[in-house]
Amino acid sequence: MAAGTLAERGRAFLPMALKEAGIAAGIALLLALPLVGAKTVSEGSAFVVTPRIVELAIGVVLVFAGRLAIASLRGGHHIPVVAAALALAALGWLFALPSAFLGVVTIAGGLAVACIGAIGLLRARRDRIPAAARIDSARLPRQALAWLGPALIALAILLPFLPFADRRVMDIAILVLTYVMLGWGLNIVVGLAGLLDLGYVAFYAVGAYSYALIARDFGLDFWSCLPLAGVFAAFFGIILGFPVLRLRGDYLAIVTLGFGEMIRIILLNWYNFTGGPDGISGVPRPTFFGLPFKRAPPEGVESFHQFFGIDYASIHRTYFLYFLVLALALITNAFTLRIRRLPIGRAWEALREDEIACRSLGINPTNTKLTAFAIGAMFGGFAGSFFATRQGFISPESFTFIESAIILAIVVLGGMGSQIGVVLAALVLIGLPEFFRELQEYRMLAFGACMVLITVWRPRGLLATRDPMIRLSRRRAPP
Amino acid sequence: MSLLTVEHLTMRFGGLVAVDDVGFSAEEGRITALIGPNGAGKTTVFNCLTGFYKPDTGRLALRADGREHMLERLDDFRVASEAKVARTFQNIRIFPQMSVLENLMVAQHNRLMRASGYTLLGLVGAGRFRAAERAAVERAVYWLDRVGLTDRADIDAGTLPYGGQRRLEIARAMCTEPVLLCLDEPAAGLNPRESGELNDLLTFIKAVHRIGILLIEHDMNVVMEISDRIVVLDHGRKISEGPPDFVRNDPAVIRAYLGEEEHEGG
Ligand SMILES: Nc1ncnc2c1ncn2[C@@H]1O[C@H](COP(=O)(O)OP(=O)(O)O)[C@@H](O)[C@H]1O
Ligand SMILES: [Mg+2]
């Protein structure tokens, strides 16, 4: 590109950008006037409309600034935009805005624009480097991924020992890991086998209720119930899978959605067995291989703190639950990584790619899908028992369709089939909104915003690169 | 006795008779070509043979290793796994997001499944499974060498050029170790050099592996050069059958093809 045209563009861009920003601000004003500009307050018995000029003005100014920033970035003015955006975010942080929402928009918006600007700056810089000296951008993420996995595992193991790991952080971590495990389980079904399952929560529920009911009626402890819960969930997976796996795509999605709701409604209505809407309380808490986490254990039973000669602290159980779900999740991961190298795992992926071709190669599609369904369900069942033992109380309310949707969102946004992608998506979709819990209703907004951002920036998921599970080059020519 | 015997094969789609009382046979170690104008019913014959369509009437008998399989009674995947009939598709069907080597490993699924003790032995990494997998990779490499894709083994199959995808599909079919290979227009979209290589590959398979090949092909020159026997279809009916020299001069065939050209021209 000639230098002359660049300079010309630079001069011409300002009026254009101002015009664009002005139009955007005008539209924002029109939209916000009735929605934000007035507020009804009840004063005694009457409603009074009070104007909210300040909020309105700040909102419109923010839209103006944002649009101007985008236009300037397009014009190649990265550095001033990044600086201004960071300054804006800092302002939003330091000074109390009239509402928490405006604060979030200012900070998040400023940071987002700064990030876009910085990325654009890096791109522009990189384009000036001769191609030969450039880092291979396709290989960079793969190299980074090679250490990201082990680094995340190390971080996860060390987390409870870090200074900021208080009760709240640990609870969020347990929640995130539960979803990571569910995501990894569903990843087998959706990501690998390509079967769109909208009712995964059913297997989660089967696992939770299996544990709670077996523990209640037969007095078995967590460690004996865990495999049973997995077996039951897998069994349900096969029962559901048998009739429906002949269906394709959308049809399968609808039937699995129905199945998920069916299980929930059965749990809700079979009062004698499941306790209906009252749920099941007093689900046995986990024991450290037989040692309970109790301040005052029953007669003749030694508790965890007595056995190890330490003072009782309720957080011990939290730590234990954390390591329990971490272990369960890592087992799920190890299993998936292993089975992807086996013929069955390869057949799942091949089925996802082209079922007709699979048939022409002699692969029995029904059996192959059924194993994917059953194994995915089994891990859902494990996660369900964990959920039951962690909560101590379960009811059908915990197993609504929105759970299935969230788990599916984690798999899809993570990048179908990518194990680390699931972790990142769970962190973003579950972890971030939990940290924003103080923002109350805006929490779901953060959830939605995360989803929108991911779909816009990485339509194929956060990590959509797939490495072959078996290679020829390494065998033939060792590096 | 023939490897494949087709008798009275008829397939209707609503009112349209796509294949009308067709019979022919294919032999081991021979290339049998199925030719005819567009819409003649060639692909439909393949779909009936490989179990993707259930024919209205007809007997499709495959005899190999002293056993007889009635193909019209088998499910599509059983035709491949039990009767050992492999096929390629007119619109290429590879696994685009899996590597070239993985495509060939999927083709050996049933053998590897048995060796992996239906996954259980494989999970614990049993030696028997690892040996079977090594053998599978060797077989894959053998066919990669034959089709000239060895140095592309680890790239995504979907990134191969068109001709490479066609060859990969043939290699994948061969990795199932078939007794009958059905190729649906394998030369479509190939340039003359690639087309020549394909002829060499088919001749090699026929000579060295001694399996039967059923070949649908548009290009008369290709067909005349490499086939041992030609079956000509037109509007679902068999209008001629015989060695290339006979078919080339058969007035019925000339009429059918001239008719098509006039039709396409006008
Ligand atoms: N699944 C189907 N449903 C309806 N009609 C079909 C179907 N498959 C093929 N046909 C019809 O059968 C006839 C033969 O098609 P085909 O076997 O694909 O021809 P060819 O491969 O010889 O070009 C065509 O008229 C086609 O439209
Ligand atoms: Mg055809």
Side-chain angles (χ1 to χ4, degrees), chain A residues 138 142 188 191-192 194 246 331 334-372 374-375 415-418 460-461 464-477 479, chain B residues 50-52 75-82 84-89 92-103 105-116 118-119 122-123 125 129 132-134 136-137 140-141 144 150-158 169 172-173 175-176 182:
Chain A
R142 293 194 179 184
I188 295 175
L192 294 186
R246 286 157 213 287
I331 288 171
F335 182 90
T336 309
L337 291 180
R338 178 111 198 96
I339 207 160
R340 276 186 66 189
R341 291 166 196 280
L342 296 182
I344 185 74
R346 262 195 303 263
W348 289 339
E349 292 198 73
L351 266 180
R352 176 194 67 198
E353 301 277 291
D354 194 326
E355 180 172 336
I356 304 253
C358 282
R359 290 169 182 271
S360 83
L361 298 172
I363 295 173
N364 181 336
T366 313
N367 288 358
T368 310
K369 288 180 187 174
L370 217 51
T371 42
I375 290 174
M416 299 266 268
S418 162
R460 292 184 55 207
T465 55
R466 176 191 178 280
D467 269 331
M469 283 286 121
I470 182 167
R471 280 178 174 281
L472 200 59
S473 44
R474 204 177 299 144
R475 278 162 200 268
R476 287 215 146 172
Chain B
T50 50
F52 284 91
D75 281 335
D76 43 18
F77 67 91
R78 291 233 155 77
V79 170
S81 62
E82 287 170 22
K84 302 239 146 269
V85 177
R87 72 172 289 180
T88 65
F89 295 86
I92 306 175
R93 284 183 178 274
I94 50 165
F95 306 121
Q97 295 199 51
M98 300 176 82
S99 77
V100 170
L101 177 63
E102 282 175 314
N103 267 264
M105 297 298 282
V106 171
Q108 307 180 55
H109 176 78
N110 287 320
R111 201 175 313 121
L112 285 170
M113 263 318 252
R114 280 190 295 275
S116 77
Y118 297 90
T119 302
L123 275 179
F129 170 66
E133 195 176 59
R134 266 195 303 279
V137 172
V141 171
L144 285 175
T150 313
D151 52 344
R152 314 268 187 96
D154 295 329
I155 68 167
D156 280 359
E169 212 189 6
R172 190 180 66 181
C175 277
T176 65
C182 305

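Letters A, B, ... mirror the listed sequences (proteins, then strands); counts begin at 1. Heavy atoms only: backbone and side chains are in, while hydrogens, waters and symmetry mates are out.
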Using atom types as modelled and distance alone, determine if a side-chain donor or acceptor of A/Glu353 lies under 3.5 Å from a backbone N or O of B/Gln97. yes
Top contributor to chain A contacts, counting heavy-atom pairs under 4.5 Å, from B/Ala140, B/Ala107, B/Ala153: B/Ala107
Spatial distance of atom CZ (A/Arg341) from atom CD (B/Glu133) [nearest 0.5 Å]: 9.5 Å
Less than 4.5 Å apart, side chain to side chain, heavy atoms only: is that true for B/Leu101 and A/Arg471? no
Closest heavy-atom pair and its distance - A/Ala357, B/Phe95: CB-CE2, 3.7 Å
Looking only at heavy atoms, which two atoms of B/Asn110 and A/Ile363 are closest? And how far apart? ND2-N, 4.4 Å
I'd like to know whether CZ of B/Arg152 has more than 12 heavy-atom contacts from other residues, nucleotides or ligands below 6.0 angstrom. no
Non-hydrogen atoms of B/Ser81 and A/Gly362 that approach each other most closely: CB-O, 3.8 Å
Please round to the nearest 0.5 Å and tell me the distance separating atom OG1 of A/Thr371 and atom CE of B/Met113. 6.5 Å
Contacting region of B/Thr176 [heavy-atom separation from chain A under 4.5 Å]: side chain
Tell me, do B/Asp76 and A/Ile356 make a side-chain contact under 4.5 Å, heavy atoms counted? no
By a 4.5 Å heavy-atom criterion (distance strictly below it), what part of B/Arg172 contacts chain A: side chain, backbone, both, or neither? both
Derivation and outcome, side chain to side chain contact (heavy atoms under 4.5 Å, CB included), residues A/Asp354 and B/Ile94: CA-CA 7 Å; A/Asp354 194 326; B/Ile94 50 165; over 6 Å; no
Could you report the tightest heavy-atom contact between B/Asp154 and A/Ile470, atom names first, then the distance? OD1-O, 4.1 Å
For B/Ala80 versus A/Leu361, what's the shortest heavy-atom pair and its separation? CB-C, 3.9 Å
Measure across A/Arg346 and B/Met98 and return the closest heavy-atom pair with its distance rounded to 0.1 Å. O-CE, 3.6 Å
Given side chain to side chain contact (heavy atoms under 4.5 Å, CB included), test B/Thr150 with A/Leu472 step by step and report yes or no. CA-CA 9 Å; B/Thr150 313; A/Leu472 200 59; 4.2 Å; yes
How long is the straight-line distance from CZ of B/Phe77 back to OG1 of A/Thr368, given to the nearest 0.5 Å? 8.5 Å
